[in-house]
Amino acid sequence: MTTRDHAALLEDAAKHIADISRAELQIMLRRTAPMLRNSALVVLDGDMEDAIAGIGDEVGKTRNEMIRYVVQEWLETHGYLPARRFDDDSEVDRQA
């Protein structure tokens, strides 16, 4: 579930606070707390956020992992970091 999904659930719960049980509210808050704790200060435009989230979902990576990956790739591609080498036993080499 994405951060936006959690935000929507919390907003809905706030609108219907009298109808939600304490246990349900606890579950929502416990699921949302780690997302807030781990959220980065990187603010992306809606389209970029959606693209990062979509790709992350496809490859099983978190938002922060995807942002780190994209930045690392950009830095390597533009010569600001040395390119990574893959071992002969790496999964990437076997797939190539």
Side-chain angles (χ1 to χ4, degrees):
M1 190 174 274
T2 67
T3 303
R4 288 182 183 172
D5 294 336
H6 282 285
L9 282 174
L10 290 173
E11 287 171 347
D12 189 53
K15 289 177 188 172
H16 304 97
I17 194 72
D19 300 330
I20 192 164
S21 73
R22 178 182 171 144
E24 289 174 314
L25 186 57
Q26 283 179 317
I27 290 168
M28 281 190 273
L29 293 173
R30 285 188 178 139
R31 288 180 179 166
T32 305
M35 295 183 81
L36 292 173
R37 193 173 24 257
N38 295 329
S39 67
L41 297 177
V42 176
V43 179
L44 302 174
D45 293 337
D47 290 342
M48 287 191 298
E49 188 71 51
D50 292 342
I52 291 288
I55 295 168
D57 288 343
E58 286 179 24
V59 298
K61 302 267 184 207
T62 66
R63 176 186 187 271
N64 289 345
E65 290 171 332
M66 286 304 305
I67 291 172
R68 280 192 296 273
Y69 176 78
V70 168
V71 170
Q72 182 172 359
E73 287 292 315
W74 188 91
L75 291 170
E76 289 173 358
T77 300
H78 290 85
Y80 295 102
L81 286 177
R84 289 171 284 173
R85 292 187 196 186
F86 294 101
D87 297 337
D88 290 337
D89 295 336
S90 73
E91 187 175 322
V92 172
D93 288 336
R94 283 181 285 193
Q95 291 177 356

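Just so you know, these numbers use all the heavy atoms, side chains as well, and skip hydrogens, waters and symmetry mates. If you're wondering where the values come from, they're calculated on a predicted model, not measured in any experiment.
Identified under the salt bridge (charged side-chain N to carboxylate O under 4.0 Å, His left out) test for residues 41-51, with sequence neighbours left out: Arg4-Asp50, Glu49-Arg63. Pairs of residues two or more places apart, or lying in two chains, that qualify as salt bridge (charged side-chain N to carboxylate O under 4.0 Å, His left out) and include a residue from residues 65-76 are Glu73-Arg84, Glu76-Arg84. Screening residues 49-71 for ring-ring contact (aromatic ring centres under 6.0 Å, His included), with sequence neighbours left out, gives no hits. Within the structure, salt bridge (charged side-chain N to carboxylate O under 4.0 Å, His left out) pairs that include any residue of residues 6-27 do not occur (at least two apart or interchain).
Both Val70 and Met48 are assigned to one and the same hydrophobic cluster, defined by single-linkage of ILVMFWY side chains at heavy-atom distances under 4.5 Å. A single hydrophobic cluster is not seen to contain both Ile27 and Leu10; linkage of ILVMFWY side chains at heavy-atom distances under 4.5 Å, directly or through other members, places them apart.
Counting heavy atoms from C-beta outward, Leu9 and Thr32 have side chains that stay 4.5 Å or more apart.
With sequence neighbours left out, the ring pair (Phe, Tyr, Trp, His ring centres under 6.0 Å) criterion links His16 to no other residue. Looking at residues two or more places apart in sequence or on another chain, you find no side-chain hydrogen bond (donor to acceptor under 3.5 Å, both in side chains) involving Thr77.
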